[in-house]
Amino acid sequence: MDVFSSPAFDQHEQVNFFYHRDSGLKAIIALHDTTLGPALGGCRMWPYASEADAITDVLRLSKGMTFKAAMADLPYGGGKTVIIGDPRTDKSAALFRALGRAIDTLGGRYYTGEDVGTGPTDMDWAHEETPYVLGSTRGGGSGDPSPVTARGVWLGIRAAVAHKLQRSDLAGVRVAIQGLGHVGYNLARLLAQDGARLIVADIDQARVERAADELAAKVVDVDAVLSTACEVLAPCALGGVLNDDTIPQLGCQIVAGAANNQLLEDRHGAALHARGILYAPDYVINAGGLINIALELQPGGYDRGRALAQVAAIGTTLAEVFERAAGAGLPTHEVADRIARERIAAGRQRQSRPALQAVPRRAAAAS
Ligand code: NAI
């Protein structure tokens, strides 16, 4: 259970372990990089099979948040919390209050929010103990981020289709969506309005039936969606979906969806590139949720109209990634990582530059 030598460590600034005896809280809060500003990243609650799995997950997610914020041009860094526990049975007000106190000890270097396994009520409990919580229902909260995330993914799909297929619209373009949850269903609606032909799969039968009725989507089995012939595959369910088993089976020309950590490992980005499949790096295309929540910290506070307007930049950023990757003959995930690191390095340089010195009066007069 190494941390410093974990392959996912990637120069994290700070990794904190919190335990609270009375509530049973076991949480890990990882702060990857705060060069561009305080770290932002949600709180995931999951019954991890082992502590090593929880550590790997928090480190990978936290690093992803740093890159996500940098690519969305936000003045924030990346962090993440994982709580080891079952969200169906282990939640309590005391547990999330203890989490709030833990976050408070970080003194504003990290803000949390909801993620898989947590929701607004949990954030309200944490907020009772610390101001460093976003997405709480109390006072100017930003609410459900999914429609904003979906809009960013839709714009990203348009940018990918323009680059790969030289098409400026989606009429007749086949898009296979894996997962019709909060983001996936909103995305399906936007794509249907654009004339795309939808192919959908979800383990929840009611969701696919609704998409078939409302959006004329073609339903395929969850095991068949990755190999379905289509122009675009939009993973909107699970992480790690692009791996040694799935990549040879893919029936698409483009992968562009909302799920976090779609590449099981970085090398799978190169495998997609080798197959000629254009990959929209997940942390670029799914930044809408972060853009949405970050507005709570901006002067003037949260405004949904501003969130939707800021999300428009996702399409432009992805087009830049695609062009740079094509020019250099590199996989898109490598180019996105490179741009994110450049932005962070530029931020570090700005910070290390000595502040302008006031010119002493006499010297000024002499010159
Ligand atoms: P959700 O939990 O509302 O939806 C996930 C959907 O995937 C559910 O309908 C579920 O039944 C389905 N699903 C689960 N396993 C499946 C499988 N094997 N095959 C097909 N469908 C399956 O989650 P949400 O909020 O829509 O997020 C989707 C993904 O996007 C997640 O990976 C999340 O981390 C990521 N994401 C979400 C953001 C947001 O604003 N909600 C922001 C950024 C990323």
Side-chain angles (χ1 to χ4, degrees), residues 40-46 57-58 60-62 64-65 67-69 71-72 74 78 80-82 87-88 113-120 123 134-135 141-157 176-190 198-211 217 219-228 233-243 245-246 255-264 280-296 304 307-308 310-311 314:
L40 261 53
C43 170
R44 178 165 295 194
M45 184 166 187
W46 195 253
D57 206 31
V58 78
R60 289 194 72 200
L61 290 163
S62 155
M65 292 308 295
F67 283 17
K68 195 181 289 199
M71 289 304 277
L74 293 170
K80 200 84 182 185
T81 299
V82 300
R88 289 167 305 180
E114 63 180 272
D115 194 70
V116 176
T118 62
M123 294 306 114
L134 304 173
S142 51
D144 180 8
S146 309
V148 185
T149 303
R151 191 176 174 84
V153 175
W154 168 62
L155 292 168
I157 289 175
I177 305 179
Q178 181 193 42
L180 286 172
H182 291 95
V183 180
Y185 207 91
N186 279 300
L187 173 65
R189 279 207 194 97
L190 292 168
L198 299 179
I199 302 160
V200 296
D202 198 297
I203 49 172
D204 184 333
Q205 203 52 29
R207 292 184 181 172
V208 288
E209 280 168 15
R210 185 172 159 213
V219 177
V220 293
D221 197 77
V222 286
D223 297 326
V225 67
L226 298 179
S227 55
T228 294
L233 170 70
C236 295
L238 317 161
V241 74
L242 304 168
N243 56 49
D245 294 334
T246 59
V255 177
N260 279 314
N261 292 343
Q262 290 171 36
L263 301 172
L264 184 63
D282 47 15
Y283 61 77
V284 184
I285 195 169
N286 74 11
L290 178 65
I291 291 169
N292 188 62
I293 213 162
L295 272 173
E296 287 187 31
R304 176 69 43 135
L308 291 170
Q310 284 190 13
V311 157
I314 288 178

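Atoms considered below: every heavy atom in the structure, side chains included; atoms not considered: hydrogens, waters and symmetry mates. Both ligands and their constituent atoms are indexed starting at 1 by order of listing.
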Practice problem: Would you check if Val148 and Leu308 make a side-chain contact, meaning some heavy-atom pair closer than 4.5 Å? | Solution: yes

Quiz item: For residues Asp115 and Thr118, is any side-chain donor paired with an opposing acceptor at under 3.5 Å?
Solution: no

Self-check item: Any Leu180 side-chain heavy atom under 4.5 Å of Val208 side chain
Solution: yes

Quiz item: If you count only heavy atoms, which residues are under 4.0 Å from ligand 1?
Solution: Pro145, Ser146, Thr149, Gln178, Gly179, Leu180, Gly181, His182, Val183, Ala201, Asp202, Ile203, Arg207, Val222, Cys236, Ala237, Leu238, Ala258, Ala259, Asn260, Asn286

Quiz prompt | Heavy-atom side-chain contact between Arg304 and Asn292 under 4.5 Å | solution = yes

Self-check item: Spacing of Leu233 atom CG and Thr246 atom OG1 [to the nearest 0.5 Å]
Solution: 9.0 Å

Self-check item: pair Ser142-Leu134: side-chain heavy atoms closer than 4.5 Å
Solution: no

